[in-house]
Amino acid sequence: MGFKLTIGRLRDAWSKYPQVRRQLYQFPPGKPIFIAGTHRSGTTWFAQMLAEPGLWYVHEPFNPNKGYWSEEFTSLAFDQRNQNVDAYFRRLLSGQHRDTSANTDTDHPLMPLRLFRQPIRRMMIKDPLACLMTGYFAANFDVCPLVLFRHPAGFVSSILRLRWPIGKFLQDFASRESLLVEHLSPYRGLLVKHQHDDNAAAATVLHGVLNTVMWNQIQKNAKIAYHFFEDLCANPLERFREIFDAIGLPYSDATRQRHETLCHQGPKDPRLYRTHAVARNSLAMANSWRSQLAPSTVDRIRDVWNQFDLPIYRSDEHWDVRSAALEACVD
């Protein structure tokens, strides 16, 4: 059955190839888009909302599971150069390593999008594990960088529910002297304190240090635009139309219909979502932590979050477990 399915998918990919190639060739050119944010912050959904037919979408090329990069959360200062990072990033921008693409029909080496070098007029790279290099890419490459922030409780709820690792990253960051000196020295104690934990407090520390580095990068480079997951979820159709205009992506009636599918047709109960699903009820997803976390856990997350010098998610409204209202996230 697996063999027959593969043959059928290959046949379909080859039959669609002329249309797909035409979409790639006719796509309006523009700067490569680089999407960053912490893992479990909604970056997959965000990227899928931007993934117009004809846009070449590279999905998490710095994830070690892809087999090209071995380190998780590589960090670089904007004014230092790293030959390995530069060479790999240039190869991605030139259309190499096509097995990292999330475009349809690229997951088998015999599919035409893998065999032939089609014209790539514009590219989008999405990678949470490269989020600490956002400032580096913005300073050293001609890209359009976008950062997505998510509520700390939303991140913690997702990480704990999926049982994703926490402590190992805190140990790693606590050992990186350059990262501590440039960004995280005030939080060395928090990193050390929670480096062997996998609880809500440790997850909040992880979220805090990642967002601290990204926020600092944004303050140093005006090219980096940023958005808040909750704001986008509250009014996705209009907000994404604004983003399309800002970064020069084509927007059509088909785009709006695709967005409606990705935002309004998922189940209202987030517990029914698959881990990497992108067709979701966006507002329900943004507020899911309010029903998934106990008030005492939310209070603990807020206490830890407030120890970080970040001007986001600070007001009482952002932390009210009874409220589904989504206000502006910068205080």
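This one's a predicted model, so the numbers in the text were calculated from it and none came from an experiment.
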Verdict with supporting geometry, Ile312 and Trp305, side chain to side chain contact (heavy atoms under 4.5 Å, CB included): CA-CA 10 Å; Ile312 55 177; Trp305 180 256; 3.9 Å; yes
Nearest non-hydrogen partners of Arg314 and Asn306, listed with the distance: NH2-O, 3.4 Å
Cation over ring face, Arg122 and Trp56, 6.0 Å, 45°: no
Set of side-chain contact (heavy atoms from CB on, under 4.5 Å) partners for Ala294, sequence neighbours left out: Ser296, Thr297
Name each donor-acceptor pair under 3.5 Å that joins a side chain in residues 203-212 to protein atoms two or more places apart or in another chain, with its distance.
from, atom 1, to, atom 2, distance (Å)
Thr204, OG1, Ala200, O, 2.7
His207, ND1, Asn211, ND2, 3.2
His207, NE2, Arg150, O, 2.9
His207, NE2, Asn211, ND2, 3.3
Asn211, ND2, His207, O, 2.7
Thr212, OG1, Gly208, O, 2.7

Polar side-chain atom of Arg121 near backbone of Leu24 as donor-acceptor pair, under 3.5 Å: no
Close aromatic pair by centroid cut-off 6.0 Å: Trp215 and Tyr226: yes
N/O donor-acceptor pair under 3.5 Å between Arg258 side chain and Gln48 backbone: yes
Donor-acceptor under 3.5 Å (Glu238 side chain, Pro236 main chain): no
Closest non-hydrogen atom pair between Pro61 and Trp69, with its separation: O-CB, 4.2 Å
Same apolar cluster (I L V M F W Y, side chains within < 4.5 Å links), Phe173/Ile166: yes
Those residues that, when tested against Phe240, pass ring-ring contact (aromatic ring centres under 6.0 Å, His included) (two or more places apart): Trp45, Phe46, His259
Cluster check Met123, Val147: I/L/V/M/F/W/Y, side chain < 4.5 angstrom: no
Partner residues of His97 under the ring-ring contact (aromatic ring centres under 6.0 Å, His included) criterion, sequence neighbours left out: Tyr68, Tyr88
Evaluation steps, salt bridge (charged side-chain N to carboxylate O under 4.0 Å, His left out), between Asp172 and Lys168: CA-CA 6 Å; Asp172 181 20; Lys168 75 166 190 175; over 6 Å; no
Main-chain N/O of Gln257 paired to Thr261 side chain as donor or acceptor, under 3.5 Å: yes
Residues which pass ring-ring contact (aromatic ring centres under 6.0 Å, His included) with His59, listed by chain and number, not counting sequence neighbours: Tyr57
His108 side chain reached by Thr6 side chain, heavy atoms, under 4.5 Å: yes
Contacts of type side chain to side chain donor-acceptor pair (under 3.5 Å), residue Ser178, not counting sequence neighbours: none
Linked, directly or transitively: Leu293 and Ile159 (ILVMFWY side chains, under 4.5 Å): yes
Any residue meeting side-chain contact (heavy atoms from CB on, under 4.5 Å) with Pro28, in chain and number order, not counting sequence neighbours: Pro250
Partner of Tyr313 under ring-ring contact (aromatic ring centres under 6.0 Å, His included), chosen from Phe228, Phe149, Trp319, Phe308: Phe228
Side-chain donor-acceptor distances from residues 182-192 under 3.5 Å, at least two apart:
from, atom 1, to, atom 2, distance (Å)
His183, ND1, Asn216, ND2, 3.0
Tyr187, OH, Asp309, N, 3.0
Arg188, NH2, Glu177, OE2, 3.4

Qualifying residues under ring-ring contact (aromatic ring centres under 6.0 Å, His included), relative to Trp289, sequence neighbours excluded: His151
Whichever hydrophobic residues join Leu110 through chains of side-chain contacts under 4.5 Å: Leu10, Met111
Identify each donor-acceptor pair in which a side-chain atom of residues 129-146 lies under 3.5 Å from a protein atom, sequence neighbours left out, and give them as a table.
from, atom 1, to, atom 2, distance (Å)
Thr134, OG1, Cys131, O, 2.7
Tyr136, OH, Arg81, NE, 3.2
Tyr136, OH, Asn82, N, 3.0
Tyr136, OH, Asp86, OD1, 2.6
Tyr136, OH, Asp86, OD2, 3.4
Asn140, OD1, Arg81, NH1, 3.4
Asn140, ND2, Phe78, O, 3.2
Asn140, ND2, Tyr136, O, 3.0
Asp142, OD1, Lys31, NZ, 3.3

Non-neighbouring partners of Ser252 that pass side-chain contact (heavy atoms from CB on, under 4.5 Å), sequence neighbours left out: Ala254, Thr255
Asp105 vs Lys16, salt bridge (charged side-chain N to carboxylate O under 4.0 Å, His left out): CA-CA, chis, key distance, verdict: CA-CA 9 Å; Asp105 300 330; Lys16 291 185 296 184; 3.1 Å; yes
Side chain Arg40, main chain Trp164, donor-acceptor under 3.5 Å: no
Main-chain N/O of Asn65 paired to Asn63 side chain as donor or acceptor, under 3.5 Å: yes
Donor-acceptor pair, side chain of Ser157 and main chain of Gly154, under 3.5 angstrom: no
Under 3.5 Å: donor-acceptor pair, side chain of Asp197, backbone of Ala202: no
Hydrophobic cluster membership, Leu115 vs Ile7, 4.5 Å side-chain cutoff: no
Leu50-Val20 co-clustered via ILVMFWY side chain contacts under 4.5 Å: no
Within 6.0 angstrom of Gln83 CD, more than 12 heavy atoms from elsewhere: no
Pair Asp107 + Arg9, salt bridge at N-O below 4.0 Å: yes
